[in-house]
4 protein chains.
Amino acid sequence: MPGMDTPFVQVQPDGDRYGRPSSGWRLRLYIVIFEADTRAGRLFDLTLIAAILTSVAVVLLDSMASLHARYGALFNVLEWFFTLAFTTEYIARLACVRHPTRYARSFYGVIDLLAVLPTYLAVLVPGLHALMDVRVLRLLRVFRILKLGEYVAEFGLLTQALAASRRKILVFLAFVMLVVLVMGTLMYVVEGPDNGFSSIPVSVYWAITTMTTVGFGDITPKTDLGRVIASMMMLLGWGTLAVPTGIVSAEFTVQRLPRETTTRTCHECLSEGHLPSARFCRDCGAPLPPWQQDARGRR
Amino acid sequence: MPGMDTPFVQVQPDGDRYGRPSSGWRLRLYIVIFEADTRAGRLFDLTLIAAILTSVAVVLLDSMASLHARYGALFNVLEWFFTLAFTTEYIARLACVRHPTRYARSFYGVIDLLAVLPTYLAVLVPGLHALMDVRVLRLLRVFRILKLGEYVAEFGLLTQALAASRRKILVFLAFVMLVVLVMGTLMYVVEGPDNGFSSIPVSVYWAITTMTTVGFGDITPKTDLGRVIASMMMLLGWGTLAVPTGIVSAEFTVQRLPRETTTRTCHECLSEGHLPSARFCRDCGAPLPPWQQDARGRR
Amino acid sequence: MPGMDTPFVQVQPDGDRYGRPSSGWRLRLYIVIFEADTRAGRLFDLTLIAAILTSVAVVLLDSMASLHARYGALFNVLEWFFTLAFTTEYIARLACVRHPTRYARSFYGVIDLLAVLPTYLAVLVPGLHALMDVRVLRLLRVFRILKLGEYVAEFGLLTQALAASRRKILVFLAFVMLVVLVMGTLMYVVEGPDNGFSSIPVSVYWAITTMTTVGFGDITPKTDLGRVIASMMMLLGWGTLAVPTGIVSAEFTVQRLPRETTTRTCHECLSEGHLPSARFCRDCGAPLPPWQQDARGRR
Amino acid sequence: MPGMDTPFVQVQPDGDRYGRPSSGWRLRLYIVIFEADTRAGRLFDLTLIAAILTSVAVVLLDSMASLHARYGALFNVLEWFFTLAFTTEYIARLACVRHPTRYARSFYGVIDLLAVLPTYLAVLVPGLHALMDVRVLRLLRVFRILKLGEYVAEFGLLTQALAASRRKILVFLAFVMLVVLVMGTLMYVVEGPDNGFSSIPVSVYWAITTMTTVGFGDITPKTDLGRVIASMMMLLGWGTLAVPTGIVSAEFTVQRLPRETTTRTCHECLSEGHLPSARFCRDCGAPLPPWQQDARGRR
């Protein structure tokens, strides 16, 4: 899905990507829904936040047996009310942008659809309506619209750091998967179904539980050999736990460190990246203009 | 509440903030209570530490059924004794400062009040008297008064590093909240009340238990699909665990790095990056302007 | 075992190490099996990946009681089919390289043998056939052959960072072992067999569970003293958890830092610290000797 | 105890600290026991390692009920044999050094005594003989004697990094203690003895279990409010877990980083710590000798 990989880094209102209509009721609707500079637009956003939070609260409360018994009917009405409201909003969004498919396929378009689908699906499969909760993800967009710029920038830095170490983390996860599969199989052979390791997938689940130091304790080794292997796995998990932390720490630290090289450009050969203290071009030997020696290169 | 955000960074006695009285019995009381330079003042502080520790010990011992059965009456007497003593002290503090409301609304003023309230409230709601334990927080002030200066400075560096990464951590927590809500709901739908996931809030509680790698094991997935989702959550939690650690690590590392170079510029040769303590240009030997020499360059 | 310590760092096809035959059917076989530049070679690799994944899936499914009851016979046939296929491949690999023993003793040679052994051993010891799963490790080689170069490089950096901190981690593990043995013994004495600490090895297993923050909860302290010791162990474990993470973080951070400056010296003005790629002195503009320009300065 | 704080940093044989005797049987004994340069000395050390490992293994095996039932008498004999041997060795060490009290009060002297005491004490208090295991700590010395120099250096770096962040970690522990006491009390009030939180000390134990993410699950919150508080504690524990890791990571990273300043000394004013690239003294403006611009300042 296009745009899905960088939903948080971008700071300007996302509506622009779907095409701002030029005039008429569509433009008026667009300004209210996608922009937050007018009174109506801001009111719309605040109403939306309130509606999202209320509807999520309704789902949470409805899931509690005692409250469901007493207020089930009310919760049901509210659920349908919010679902119809969000459906109307979704259709309005589709209607007022110039490229509806681009919106429908964007990160937030998918979230908006997922926010209303469960109620309709629950008519067929009753249990699903709790999934309506995913509409809480809609807050991501609203937060952005509300000009929480600085927070968004932090989010950008976070995702940037994670994205930079993406490959390392993937390689690491692949390695963990191999270890967990081999270790889980080993424990299945050693402990066997009698001690709760009922199948290899269950043993792998247990191995993940152990390596990540979660340790539910619903399945535990009973034999001596099993406990020896489990001990080694725990120590190994402890060690490997250090790897993703180390990767992310390094990323954050590098992000915070000063960049030794500057954007200084030699006027003769146009080469870049000279040290802040350099007086001559390292590529052609021509003198560098002294006024380039500024403070921005160093923190 | 004013002053609440930086209670540990400040090193001088906090009494100054509330106004030192100019003369009379209030000044004498002030010197004993808020200052630690006189014999009486130091004695007062030591007595206070002993009283706080003893009263907390009493609450701890009283909560143990076997000891309560035997010494309950004694503990009750001690509890009231300490509460009355701390109440007197609280009133004395209010009486001797020039701005009582400023004290009452400060971090330590609130703690001092919370330290005596539970005993009185327990007359109405019996269970509350255990909360008297919050008076242990009063030690924070006493530690400060006892000139444990270096430790306080460390605390200052710690809070400074945490404060610097405050926004990143908040953004991160918001993200975790979203993930935990969505994942908890998913598990509620997949596992259902029969397997212990009795409501969405309980499932969210379980999701937090799992993502933070605590893993009590009082609620555990029983279905295959639930275990697959739980496995993914654990690996995800493992990964996200790396984020706050990375943020704080980066902060501490940057804090520890020497800021060797400054933006000081030689007026003769315009070279930059001189040490904060340098008095002559390292490139041409010309004297550097002395007003450039400040302490802020070095930590 | 030679080559076992750096199986991931090397990027070129590993076959070269075992000797490429010069001509005949052995060369043709070698090109198909060990190289991936021809159509047949690539087809062979893809078939191998599919076969490995399928055979592992068969082992996983076969371990589930309900599926074993219904499809056990089919799974058995598939298992033997894959084992015979992999055995044939193993013999073919041995046959076509010039130094069969060098291959047989290499990291991947051992894996290839371990991938087929369990099925044969299971004829004698029934439970062992699940160990066939280790053949999933064969994917490591195939990934390499498929030119996933960048990922391999990441893996190389990971293993390099881990290798660099190998000794520190070993020393640390030895220390943890001592602590865990002493603490486990202490808990065995304090809690005793009645509270689940049935022997010192079991207590040591519990101590590892606790120090690594896994905390299964199958064995827990019941006495007051035991809980005090356990609390101290948990805080200690928390602290020591920081050590491997710190080691790896430091390693990754150092790896990520730019090595901006070298020991290159200008022959004219004897200034140092020029960028590895510099061709002229940044201080006097004189040309730097070109033989100083090597790649090792930059990572 | 003197010398107790830096037992691992020192590389030379520790015997020197206790005074090498000048001649006679004491010198011969000293050379065998405390030094490892002669054939007899090395033989003594290897015998000692074997004896320590064997005696620890005996304790471990003796603690297992099934083995104790069968070989209890043999284990008992072995235990007394090793204890008498180690006692003889302890007396021999005391006899041959010039300052026996200095040895008896040193780190290893205490360990050596603790290694033999439990067997004697077990005559009075039967359960104690398992504590004999602390003799495994004696390996620390033997490792050192065996010239595992590099590993010892790593240990030195580790302890150095930990020692450097000692104060920060103490402050942090004090903070955790306060949080854990307050949170434990809160949970005791909210959950109460009926849900397993039988007293405040037990609740504090639970709070430590939770904040360190161990999560045994023997005690878990049952009420809604208790679970909300527990959730907040887990997230808080997650965050605070980052602090010691961050401290140690920063320490290790700084330890690995190049030191920007060198030991360059100005020949005119004898000031030190000039930048590697400096050409003039920053304190008196005199030219610095160019041959000082060496590579050691940079890594």
Side-chain angles (χ1 to χ4, degrees), chain C residues 167-168 170-172 174-175 177-178 181-182 184-186 188-189 192-193 198-204 209-210 212-217 220-222 224 227-228 230-231 234-235 237-239 241-243 245-251 253-254 257 259 261-263 265 269-273 283, chain D residues 56 59-60 62-65 127-128 130-134 136-137 139-140 143 150-152 154-155 157-158 161-162 169 173 176 201-202 204-205 208-209 211-218 241 244-257 276-277 279 290-291 293-295 298-299:
Chain C
R167 268 211 326 248
K168 272 206 192 87
L170 272 181
V171 167
F172 172 73
F175 175 74
M177 284 300 169
L178 286 184
L181 182 56
V182 171
T185 306
L186 203 62
Y188 170 73
V189 172
S198 56
S199 69
I200 296 184
V202 165
S203 298
V204 169
T209 308
T210 304
T212 54
T213 78
V214 171
F216 283 132
T220 50
K222 300 285 186 295
D224 287 345
R227 283 175 170 172
V228 169
S231 298
M234 285 184 257
L235 289 174
W238 213 19
L241 183 60
V243 173
T245 311
I247 294 170
V248 177
S249 290
E251 207 56 55
T253 305
V254 169
L257 286 182
R259 311 208 175 170
T261 47
T262 59
T263 57
T265 310
C269 70
L270 299 176
S271 73
E272 281 209 344
D283 282 322
Chain D
V56 167
V59 177
L60 257 72
D62 191 31
S63 77
M64 297 169 82
L128 287 186
L131 285 179
M132 247 168 40
D133 263 17
V134 294
V136 82
L137 293 180
L139 288 178
L140 283 179
F143 282 151
E150 279 190 293
Y151 284 81
V152 170
E154 294 290 339
F155 222 101
L157 283 176
L158 274 182
L162 289 179
I169 285 173
L173 262 187
V176 167
V202 166
V204 170
Y205 158 74
I208 293 175
T209 308
M211 293 270 297
T212 54
T213 77
V214 172
F216 283 132
D218 51 347
L241 184 59
T245 312
I247 294 170
V248 177
S249 290
E251 208 56 54
F252 279 119
T253 306
V254 168
Q255 219 178 49
R256 288 292 312 274
L257 284 183
S277 58
R279 282 180 297 176
W291 49 261
Q293 290 178 318
D294 67 357
R298 293 258 176 187
R299 196 178 31 96

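As a basis for the values below, the full set of heavy atoms in this structure was taken, side chains included, without hydrogen atoms, waters or symmetry mates. A, B, ... follow the sequence lines: proteins, then strands. Residue 1 opens every chain.
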- Atom CZ of C:Arg227 and atom OG1 of D:Thr209: how far apart are they, to the nearest 0.5 Å? 8.5 Å
- Message: Looking only at heavy atoms and a cut-off of under 4.5 Å, which of C:Val189, C:Thr220, C:Thr212, C:Val182 has the most pairs with chain D?
- Response: C:Thr220
- How close do C:Thr210 and D:Phe216 get, heavy atom to heavy atom, and via which atoms? OG1-CZ, 3.4 Å
- Where do C:Ile200 and D:Ser63 come nearest, in terms of heavy atoms and distance? N-OG, 2.7 Å
- Task: Measure across D:Ser249 and C:Gly246 and return the closest heavy-atom pair with its distance rounded to 0.1 Å.
- Result: OG-CA, 3.2 Å
- Task: Below 4.5 Å from any heavy atom of chain D, which atoms of C:Ser198 appear? Answer side chain, backbone, both or neither.
- Result: backbone
- Item | Side chain to side chain, C:Thr185 and D:Val136, heavy atoms closer than 4.5 Å | no
- Query: What part of D:Val204 is in contact with chain C, defined as an atom under 4.5 angstrom from a non-hydrogen atom: side chain, backbone, both or neither?
  - Reply: neither
- Message: With chain D as the partner, which of C:Leu186, C:Asp224, C:Val243 has the greatest number of non-hydrogen pairs under 4.5 Å?
- Response: C:Val243
- Note on the structure: Tightest non-hydrogen contact, residues C:Ala242 and D:Thr245, listed as CB-CA, 3.5 Å
- Work out which heavy atom in C:Ala230 is nearest to a heavy atom in D:Tyr205; give both atom names and the distance. CB-CE1, 4.2 Å
- Query: Can you tell me how far CG of D:Leu60 sits from OG of C:Ser199, rounded to the nearest 0.5 angstrom?
  - Reply: 7.5 Å
